[in-house]
Amino acid sequence: MFEARLGQATILKKILDAIKDLLNEATFDCSDSGIQLQAMDNSHVSLVSLTLRSDGFDKFRCDRNLSMGMNLGSMAKILKCANNEDNVTMKAQDNADTVTIMFESANQEKVSDYEMKLMNLDQEHLGIPETDFSCVVRMPAMEFARICRDLAQFSESVVICCTKEGVKFSASGDVGTANIKLAQTGSVDKEEEAVIIEMQEPVTLTFACRYLNAFTKATPLSTQVQLSMCADVPLVVEYAIKDLGHIRYYLAPKIED
Amino acid sequence: MQKSITSFFKRK
């Protein structure tokens with residue numbers, strides 16, 4: 001028996017919005033420690049890794065490890081039927097071929113449930129090696145989304161250059177060149193507005209805008225985003241999900257032809 | 001050139 005309950009459907013809606021542009025379907029691996037999802041996008045350029053800890057749920061029970069392959073388009077249709085403040089419960093029997101998603105209004109006067117067919121997906125888990133990153137940048141998630149959106153107008157690629165002074169995002173194309181520099185913030189009143197750079201050595205890497213923009217669909221989950229970079233290894237873009245876990249996106253760099 | 005993520009992370 002698997003049962004996981006969250007106080008607000010809005011969190012699940014935001015999580016789904018953060019992955020459904022990259023993934024058509026995905027397997028949710030459930031165990032007593034929580035829910036994990038790891039999947040590559042169709043073109044195998046990026047990897048999504050979602051961790052939801054069991055202690056972050058209002059109720060969590062998982063008697064036996066369970067892998068639930070879900071069509072994310074179908075899940076989106078179901079979540080559209082929930083009000084943001086509704087409680088949401090996911091339930092499945094051991095070895096079931098369906099999952100039930102139930103919404104309850106705050107006053108318990110409306111209860112709806114949706115049974116969704118599960119899929120058998122070919123799971124390909126990748127081993128992610130530990131990396132000592134050269135640069136780790138923490139910045140407001142909205143600012144990162146804005147920069148990715150703005151630079152995508154100018155080029156398919158964005159160059160991220162990080163030094164101890166700051167981080168520079170550049171794009172160059174037919175229109176010309178765009179550069180956006182962010183300096184490390186001195187003192188800020190609000191932690192969520194800070195730009196913080198931890199640098200071992202400077203790094204310059206090139207990434208496809210289209211994927212960065214897909215990652216920023218996670219912006220509503222978190223006030224801050226963390227970018228971890230190292231020469232010739234995938235970028236890690238991490239959004240914390242408060243009291244519940246995190247979503248990490250890995251993006252392979254572009255290299256000169 | 002866009003590299004594939006599988007060229008960095010090996011299949012388990």
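First the proteins, then the strands, lettered A, B, ... as listed; each starts at 1.
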At what distance, to the nearest 0.5 angstrom, does [atom1] of [X] lie from [atom2] of [Y]?
{"X": "A:Leu47", "Y": "B:Phe8", "atom1": "CG", "atom2": "CZ", "result": "12.5 Å"}
{"X": "A:Glu124", "Y": "B:Arg11", "atom1": "CD", "atom2": "CZ", "result": "4.0 Å"}
{"X": "A:Thr206", "Y": "B:Met1", "atom1": "OG1", "atom2": "CE", "result": "12.5 Å"}
{"X": "B:Ile5", "Y": "A:Tyr211", "atom1": "CD1", "atom2": "OH", "result": "10.0 Å"}
{"X": "A:Phe207", "Y": "B:Gln2", "atom1": "CZ", "atom2": "CD", "result": "9.5 Å"}

What part of B:Lys10 lies closer than 4.5 angstrom to a heavy atom of chain A: side chain, backbone, both or neither? backbone
Taking every heavy-atom pair that is under 4.5 Å apart, which of A:Ser157, A:Gly127, A:Ser46 has the most such pairs with chain B? A:Gly127
Could you please state which residues from residues 32-44 of chain A sit under 4.5 angstrom from chain B, measuring non-hydrogen atom to non-hydrogen atom, sorted by number, or 'none'? A:Met40, A:His44
So which pairs with a foot in residues 225-241 of chain A pass side chain to side chain donor-acceptor pair (under 3.5 Å), sequence neighbours left out? A:Glu238-A:Arg248
Should the heavy atoms of other residues, nucleotides or ligands under 6.0 Å from CE of A:Met142 be counted, would the total exceed 12? no
Is it true that atom CD of A:Glu156 has more than 12 heavy atoms of other residues, nucleotides or ligands lying nearer than 6.0 Å? no
